[in-house]
Amino acid sequence: MQITTNKYTLKQLLSGSNEQFIVPGYQRRYAWGYKQHAALFDDIDLLKEDDNHLFGMILCHTGVHTGGLNRSELVDGQQRLTTITLLLLAIKKRFEEIEVKKKVEEIDGLIYCIDLKERQLNKIILGDLDNPDYKRILKGEGEDEVINKKLWKAYEDYYNWFEDFEKDEIIAFYNKLINIAVIIRLDVSFAKDAYKLFESINNRGLKLSPTDIIKNFILGHASKIDNPTLEKVKSLWSDIIINLDGIDTNQFLRQYMCMLLERRVTIKGLVEEFRYYYVNHVKNSELISIAELYVEDDEITDEEIEDIDDEVTEEEPEFEGAKKEKIKRISIVQFLKQLKDASLLYRKIRMRKFDENKINYHLLNLQRILSFPTYIFLLNLLNRDILLKNKIEVLKLIETFMLRRHICQKRTGELDNIFAQLVSVPDSNIINEVKNLLSANLPEDEEFEDYFTKHIFKGKLVDRARYVLEQIE
């Protein structure tokens with residue numbers, strides 16, 4: 001692995017006029033919030049002239065250097081670098097207001113680059129979903145035009161925090177930001193090295209979500225096959241990210257794995273379950289090392305470990321690799337296409353975007369009842385080539401089941417397994433098959449009647465109350 005390591009001040013890192021940092025489309029959207037913005041701001045504000053401060057690290061996949069505009073793929077560090085440019089933009093706006101023209105021009109040299117035709121271009125190009133918003137903010141357009149409010153909030157927070165700063169204080173802050181704080185830059189020439197290094201870096205302290213780990217695992221495998229495969233996989237993962245815009249990608253992957261394995265999968269166990277399923281079903285998995293299959297507990301953020309249900313099974317998972325029957329493997333591209341199709345279907349379920357209004361109506365009912373675990377089975381049911389009326393009847397059965405379970409305060413921890421097991425129900429006689437399986441876990445009429453009179457419909461349960469009243473009427 002060939003790695004070029006350099007330590008730069010921000011001025012050194014960003015002052016090159018012929019380099020552009022590209023955030024790949026397969027990366028997650030900008031997600032930093034107030035806590036991260038404030039920490040970065042305070043770290044700079046509290047610096048003394050003789051202090052040192054390390055911003056962290058960025059990882060770039062670079063190509064052959066040319067005399068024109070050089071584009072480096074930002075494999076890791078997009079949240080940090082994007083936030084820094086928004087901070088610089090806020091400072092620039094304040095300098096414009098107090099007429100410090102020299103500093104305004106200097107910041108322009110840090111957030112813009114120049115191509116061979118002398119055109120001014122943004123130094124950072126974000127992914128397809130965020131880049132239009134980023135360009136709007138750089139152009140000075142208002143909040144109403146920005147879709148990803150987290151980008152706008154970063155800029156707005158920084159701009160407002162300078163409100164009480166005197167001219168000399170803003171200049172001092174700016175000089176500390178670009179001249180004292182440093183960032184470590186790692187450059188690699190080959191994609192496979194970039195993904196391997198990304199995994200290594202983040203296994204040593206930096207926290208990642210399950211989605212980030214799984215994405216890097218897949219891209220790392222694709223990079224070991226060949227470049228055309230890697231490019232196809234990058235494109236497919238970008239499509240998945242777009243399909244899941246505004247949806248928790250970790251929960252999608254968790255419920256997708258529940259459907260594939262036909263049993264419960266927790267957020268904490270998601271990465272390990274995914275990896276073992278993947279190596280047993282995808283071709284060329286022999287290229288994946290044993291080390292890449294191992295996941296440590298601290299690799300996943302504490303926030304991501306929180307599951308929807310209160311209970312976590314303590315049983316050791318029985319991985320697909322333990323099964324003796326021969327499994328027909330598919331290519332990595334086929335696997336990603338299936339995942340892409342599932343992500344689109346999941347979006348249609350969550351957003352109620354089916355062509356059949358009756359399906360959307362019953363999906364709304366399930367959402368009002370609060371029926372998140374049902375999506376495990378709905379990913380399977382709504383992808384089946386069966387009569388529409390049969391799908392509707394099954395949805396009605398699920399509505400009744402979920403309402404009775406909630407009213408009778410049954411354990412939610414059981415629902416993932418219940419709906420995962422429905423995946424194996426055959427198309428023939430599906431209504432009766434689903435009814436019989438659900439009946440085994442359905443409260444009796446007397447129990448339901450007893451609990452119903454005492455059930456409190458308030459707070460987030462108001463929609464459930466509306467659903468009940470509509471059904472009674």
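Positions are given from 1 along the sequence.
Counting only distance, with no hydrogens or angles, the side chain of Asp248 and the backbone of Asn250 share a donor-acceptor pair below 3.5 Å. Ser371 contributes no side-chain N or O that, together with a main-chain N or O of Thr374, makes up a donor-acceptor pair within less than 3.5 Å. Judged purely by atom type and a 3.5 angstrom limit, Arg185 has no side-chain atom pairing as donor or acceptor with the backbone of Leu13. Under a 3.5 Å cut-off, the side chain of Ser235 and the backbone N or O of Glu231 do not form any donor-acceptor pair. Under a 3.5 Å cut-off, the side chain of Asn436 and the backbone N or O of Asn432 do form a donor-acceptor pair. A donor-acceptor distance shorter than 3.5 angstrom exists from the side chain of Gln79 to the backbone of Arg29, with no hydrogens or angles considered. Between the side chain of Gln27 and the backbone N or O of Leu74 there is at least one donor-acceptor pair closer than 3.5 Å. Side-chain N or O atoms of Gln20 include one that pairs as donor or acceptor with a backbone N or O of Asn122 at under 3.5 Å. Here the side chain of Gln36 pairs a donor or acceptor atom with the backbone of Gly33 at under 3.5 angstrom. Counting only distance, with no hydrogens or angles, the side chain of Asp133 and the backbone of Val146 share no donor-acceptor pair below 3.5 Å.
Here the closest non-hydrogen pair linking Val279 and Arg329 is O-NH1, 2.6 Å. Smallest separation of non-hydrogen atoms from Glu145 and Arg136: O-CD, 3.2 Å. Summarising the geometry of Leu381 relative to Lys391, their closest heavy-atom pair is O-CE, 3.7 Å, with the distance given to 0.1 Å. Nearest approach of Leu10 to Ile183, heavy atoms of both residues: CD2-CG2, 4.5 Å. In terms of heavy-atom proximity, Arg404 sits nearest to Pro443 at NH1-O, 3.3 Å. Taking each heavy atom of Tyr26 and Ile241 in turn, the nearest pair found is O-CG1, 3.8 Å.
The closest side-chain heavy-atom distance from Leu339 to Phe252 is below 4.5 Å. Counting heavy atoms from C-beta outward, Lys348 and Asp355 have side chains that stay 4.5 Å or more apart. Annotation: side chain of Ile242 is not in contact with side chain of Asp245 (no heavy-atom distance under 4.5 Å). In this structure the side chain of Lys215 never reaches within 4.5 angstrom of the side chain of Lys234, judged on heavy atoms. A 4.5 Å side-chain heavy-atom check between Leu138 and Lys135 finds every atom pair outside the cut-off. Within the 4.5 Å cutoff, the side chain of Thr229 has no heavy atoms near those of the Asn284 side chain. Side-chain contact between Ile247 and Arg347 is present, with heavy atoms from C-beta onward closer than 4.5 Å. The side-chain heavy atoms of Trp237 and Ile214, taken from C-beta on, include a pair separated by under 4.5 Å.
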**OP:** Apply the test side-chain contact (heavy atoms from CB on, under 4.5 Å) to residues Leu403 and Glu399: give CA-CA distance (whole Å), side-chain angles for both, the deciding distance (0.1 Å), then the verdict.
**Re:** CA-CA 6 Å; Leu403 180 66; Glu399 283 179 31; over 6 Å; no
Original post:
Would Tyr30 and Thr83 satisfy side chain to side chain donor-acceptor pair (under 3.5 Å), going step by step from the backbone distance to the final call?
Top reply: CA-CA 9 Å; Tyr30 181 79; Thr83 304; 2.7 Å; yes
Subject >> Evaluation steps, side chain to side chain donor-acceptor pair (under 3.5 Å), between Tyr134 and Thr85 >> reply: CA-CA 10 Å; Tyr134 183 69; Thr85 60; 2.9 Å; yes
**OP:** Using the side-chain contact (heavy atoms from CB on, under 4.5 Å) rule, take Leu378 and Leu345 through it: C-alpha gap first, then chi angles, then the decisive distance, then the call.
**Re:** CA-CA 9 Å; Leu378 296 187; Leu345 178 58; over 6 Å; no
Original post:
Please walk me through it: do Arg264 and Glu273 pass salt bridge (Lys or Arg N to Asp or Glu O under 4.0 Å)?
Top reply: CA-CA 10 Å; Arg264 188 169 193 256; Glu273 297 273 19; over 6 Å; no
Original post:
Which is it for Asn441 and Leu438 under the side-chain contact (heavy atoms from CB on, under 4.5 Å) test, yes or no, and what are the steps along the way?
Top reply: CA-CA 6 Å; Asn441 296 281; Leu438 292 181; over 6 Å; no
**OP:** Could you check Lys353 against Asn360 for side-chain contact (heavy atoms from CB on, under 4.5 Å), going step by step and ending with a plain yes or no?
**Re:** CA-CA 7 Å; Lys353 293 294 186 180; Asn360 294 329; 5.6 Å; no
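Checking Gln367 against Arg352 by side-chain atom types alone, a donor-acceptor pair falls below 3.5 Å. Side-chain contact, Arg28 with Ser209: no donor N or O sits under 3.5 Å from an acceptor N or O. The closest side-chain donor-acceptor pair between Asp187 and Thr4, if any, does not fall under 3.5 angstrom. Side-chain contact annotation: Asp130 with Asn148, donor-acceptor N/O pair under 3.5 Å present.
Between His61 and Phe190, a ring centre-to-centre spacing not shorter than 6.0 Å is recorded. Aromatic rings of Tyr277 and His281 (six-membered ring for Trp) have centroids within the 6.0 Å cut-off, being under it.
Under a cut-off of 6.0 angstrom, the local environment of CG in Asp157 is crowded, with over 12 non-hydrogen atoms contributed by other residues, nucleotides or ligands. When the shell of 6.0 Å around CG of Asp226 is examined, it contains more than 12 heavy atoms from other residues, nucleotides or ligands. The environment of Lys149 atom NZ is dense: over 12 non-hydrogen atoms of other residues, nucleotides or ligands sit within 6.0 angstrom. When the shell of 6.0 Å around CD of Glu444 is examined, it contains 12 or fewer heavy atoms from other residues, nucleotides or ligands.
Atom CG in Leu86 sits 9.5 Å away from atom OH in Tyr155 (nearest 0.5 Å). Put simply, OG on Ser238 and CG on Asp128 are 6.5 Å apart, with the number rounded to the nearest 0.5 Å. Atom CG in Leu46 sits 9.5 Å away from atom CZ in Phe41 (nearest 0.5 Å). Taken to the nearest 0.5 Å, the CG atom of Leu379 stands 4.5 Å off from the CD1 atom of Ile349.
Partner of Asp416 under the salt bridge (charged side-chain N to carboxylate O under 4.0 Å, His left out) criterion, chosen from Arg411, Arg263, Arg254: Arg254.
Using cut-offs of 30° and 60° on the angle between ring planes, the pair Tyr375 and Phe372 is perpendicular. Using cut-offs of 30° and 60° for the angle between ring planes, the Tyr34 and Trp161 rings count as perpendicular.
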